[in-house]
Every structure is written in structure tokens, then in C-alpha cells.
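Here is the structure we will look at, set down as C-alpha cells.
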Amino acid sequence: MTLPVFKLLRPRTIEDAVANMLEHSTHVSILAGGTDLLPSMKQKLFSPDYVMDIRGIEDMHGIQVRAGMGVEIGALTPLSAIEDSEYLRRNYRVLHEAVKTVASPILRNMGTLGGNICLDTRCVWYNQSLQWRRSCGFCIKKDGDLCHVAPGGKKCWATFSGDAAPALLCLNAELEIVGPVGVRRMAIKDFYTNVGDKRMRLEPHEMVTRVFLPESTKGWKGSYLKLRLRGSIDYPLAGVAVAIRQNGGPVEAARVAITAVNPAPLLVPGAENALIGKQINEATATVVGDLAAKTAKPLTTSGLTPEYRREMVRVYAKRAVMAAGASS
Ligand SMILES: Cc1cc2nc3c(=O)[nH]c(=O)nc-3n(C[C@H](O)[C@H](O)[C@H](O)COP(=O)(O)OP(=O)(O)OC[C@H]3O[C@@H](n4cnc5c(N)ncnc54)[C@H](O)[C@@H]3O)c2cc1C
Ligand code: SF4
């Protein structure tokens with residue numbers, strides 16, 4: 001499979017990147033690490049006139065600890081830098097746990113946090129070559145008008161399959177977004193639409209430039225567990241992130257989020273109340289597992305059955321709560 005023909009843009013500043021997007025309108029695809037975009041272009045899922053390689057924008061790299069104000073992570077920071085950060089491992093455990101499960105070491109060297117957050121949604125009917133899709137019939141997400149997963153419906157249910165986002169939801173992270181009208185900040189919980197073919201709330205010509213981890217979730221215990229086909233390298237088919245604040249006594253604050261079972265990563269409603277004021281034990285973990293399974297709405301977007309993936313959300317949520325409780 002070959003890449004389609006495109007022109008390469010290489011801005012050195014955020015302002016240049018926005019100007020490039022404005023000049024070339026909707027025909028520009030942003031390339032960060034390229035570990036998801038380039039395989040998709042080879043499958044002819046995208047054939048942009050322009051690919052804008054933003055890796056030369058220095059301002060979007062690196063992890064900055066701001067005393068008393070949390071941490072700022074540039075969107076172009078490689079996942080391996082987060083994995084290698086002892087500060088993040090000690091203070092924002094759930095993010096560290098989630099990031100180290102992404103793909104493989106080589107892909108984590110290349111793949112960025114911003115690319116992971118903005119990852120395209122996935123579906124077994126969509127992430128295929130052009131020939132495969134043509135022979136089976138195109139679908140709503142690309143070139144067609146029906147959904148093989150939910151025939152009769154008009155919505156795309158392709159699944160958000162990134163690992164970092166559920167951890168960032170648990171940490172109450174915010175995103176910095178830059179576009180033609182300036183800079184804005186958005187809580188990551190408001191960023192995703194839960195619609196498979198329009199996954200995120202970015203306006204035309206906007207991009208994610210930074211991620212903020214608040215001081216308020218610093219030091220929370222955390223755990224992340226995921227189901228995947230190959231343990232050494234694979235997108236999640238179900239994933240659960242748990243973060244809790246606990247100082248020897250009962251849980252003081254908590255958040256649980258799931259990924260890869262809905263078109264968006266989602267916080268589990270009710271999990272916070274189920275944990276606050278309680279000790280972590282089998283009983284509280286079981287309640288959270290049931291709530292997580294209720295939030296998961298997997299469909300036949302992957303090779304594994306929806307029933308199995310939903311059950312694994314229940315099992316992993318329970319295990320992740322126990323593991324978070326036991327973590328330092
Ligand atoms: C074999 C394989 C296994 C994988 N396994 C996993 C896995 O287990 N878990 C997982 O989460 N991912 C997995 N991935 C996907 C990918 O490697 C990671 O998600 C990676 O973090 C993507 O980052 P990137 O910088 O390479 O993104 P890119 O491929 O450069 O971009 C991804 C998408 O985000 C957009 N984008 C990138 N940066 C920005 C920005 N700053 N603002 C706005 N839009 C932007 C791009 O236009 C593109 O649509 C896997 C990929 C492969 C090939
Ligand atoms: S969920 Fe339906 S519309 Fe969306 S990619 Fe899959 S088959 Fe296509």
C-alpha cells in the first residue's frame with residue numbers, strides 16, 4: 001500500500017501552522033508522530049492535498065512542572081517521554097500507567113500525546129484497505145451511506161481507541177486549543193462528541209497545543225487496565241482508568257473512566273459516589289465494575305464480541321479499583 005500524493009508543509013511556529021490551515025482550507029491533515037495518520041493514508045482513508053508536519057514547532061514539545069499549578073505537557077511530547085518521567089509516575093500515576101500500554105516502544109517514541117488524544121475512531125469495517133472496503137461496501141464514515149454495525153441507523157459508532165484520554169479524564173485535565181480566533185482552554189471531558197465520524201470538538205483550522213494536569217489531582221493513586229488482542233502491541237478493545245485520592249483512610253475523591261467501548265472515552269457516572277467515603281475492597285470494587293459495564297456500549301466494531309468486551313470492562317474496572325487502592 002502506497003501513500004497518496006500530497007504536498008508537505010512544515011511550520012516552525014503555532015502561528016504559521018494556523019496560517020497554513022487557513023490558506024489551504026479543509027485540505028490539510030495534521031501530522032504529529034504519524035503513527036496513526038500515515039497507515040490510514042495508505043489505506044486511502046484520507047487523501048489530503050497537504051500534510052502539515054508540526055514536529056518542528058518547538059513550543060509544543062516538553063513537560064513543564066509549574067510549582068503549585070500542576071503540569072503542562074506539549075501536545076508534541078512523545079509518549080515515551082511521559083513513560084520515562086519519574087515525576088509523572090509518582091504524581092500522576094494513572095496517566096503513566098495508561099501511556100506505557102500504548103502500542104510498542106518504537107511507536108511510543110514516535111507517537112505524541114496530542115496525536116493520542118486526537119486519534120481517529122476505529123471500526124473493523126473502516127480500518128481496511130480501499131479494495132477491502134470497496135468489496136464489502138463503503139459505509140457512512142467514508143464514501144457510503146449505511147452502517148454495517150447498526151444497519152438502518154444514520155449514526156457512526158466507530159470506537160474511540162486511545163489509552164491516554166481515559167487517564168486524562170480521571171485527572172480532570174484541560175486542553176489548550178489554538179486556531180484563527182486565538183487560544184481557548186477546554187476540559188477534556190467536553191472535547192469528545194461520542195459520534196464516530198465527528199469525534200472531537202475542534203473548529204476548522206484549530207489544533208491541540210498543550211495538555212494541563214491540575215495540581216488538584218496531583219498525588220492521586222491510579223491504575224489502568226486494557227483488553228487487547230496482542231499483549232505486546234495493540235489498540236485497546238476495552239480499557240479502564242481509575243484514579244483515587246486516599247491518605248490511609250477511606251477514599252476522599254475518585255474518578256473512573258472507560259475507553260474503546262464507545263465512540264468517546266467516558267467518565268463512569270456514579271463511580272465517584274460509589275467510592276468516596278469507602279474503603280477499597282471487593283464489595284466497593286464490584287459496584288464500580290457494574291457501573292462501568294453499564295456505561296460501556298460496545299457494538300460489533302471489532303473482532304471480539306460486544307458481550308465479551310462489556311464483561312471485560314466489568315472485570316477490569318473491578319481489578320483496576322483494587323490495583324489503584326494498592327498502588328503507592
Ligand atoms: C500497530 C499499532 C498499534 C497501536 N496501538 C495503540 C494502542 O495500543 N493505544 C493507542 O492509544 N494507540 C495505538 N496506536 C495508535 C498510535 O500509535 C498512537 O495513538 C499515537 O499516540 C498517535 O500519535 P501520533 O503523534 O503518531 O498521531 P498522528 O498519527 O500524527 O495523528 C493522529 C490523528 O490526530 C491528529 N492530530 C495529531 N496531533 C494533533 C494536534 N496536536 N491537534 C489536532 N489534531 C492532531 C492527526 O491529524 C490525526 O488525525 C497504534 C498504532 C499502530 C500502528
Ligand atoms: S460504525 Fe458503521 S459507519 Fe462507523 S465506521 Fe463502522 S460501519 Fe462505518
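Read the numbers this way: they start at 1 and go in the same order the structure lists the ligands and their atoms.
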Quick check: does I233 get an N/O under 3.5 Å from an N/O on ligand 1?
-> no
Taking the minimum heavy-atom distance to atom 38 (N) of ligand 1, which of S232, S104, A32 ranks first?
-> A32
Return yes or no for this condition: an N or O of S29 is under 3.5 Å from an N or O of ligand 1.
-> no
Answer yes or no as to whether an N/O/S atom of C123 is found below 2.8 Å from atom 6 (Fe) of ligand 2.
-> yes
Looking only at distances, please establish whether an N/O atom of ligand 1 is found under 3.5 Å from an N/O atom of V208.
-> yes
Tell me: protein heavy atom nearest atom 32 (C) of ligand 1, and distance?
-> G115 O, 3.8 Å
Close side-chain approach of R210 to I14, heavy-atom, < 4.5 Å | yes
Output the list of atoms in ligand 1 that are nearer than 4.0 Å to some heavy atom of P236, sorted by atom number.
-> 9 (N)
Is R228 close to ligand 1, meaning an N/O of one under 3.5 Å from an N/O of the other?
-> no
Compare N116, L45, D120 and give the one whose heavy atom is closest to atom 18 (C) of ligand 1.
-> N116
Could you check which of I54, T35, L202, T112 puts a non-hydrogen atom nearest to atom 25 (O) of ligand 1?
-> T112
Does an N or O anywhere in I30 fall below 3.5 Å from an N or O of ligand 1?
-> yes
Would one find an N, O or S atom of C156, in either backbone or side chain, under 2.8 Å from atom 2 (Fe) of ligand 2?
-> no
Nearest protein heavy-atom contact for atom 49 (O) of ligand 1: which residue, which atom, what distance?
-> R199 NH2, 3.3 Å
Does atom NZ of K189 have more than 12 heavy-atom neighbours, drawn from other residues, nucleotides or ligands, at distances under 6.0 Å?
-> no
Protein contact of atom 33 (C) of ligand 1 - nearest heavy atom, named by residue and atom, plus distance | C118 O, 3.6 Å
At what distance, to the nearest 0.5 angstrom, does OG of S129 lie from NZ of K42?
-> 13.5 Å
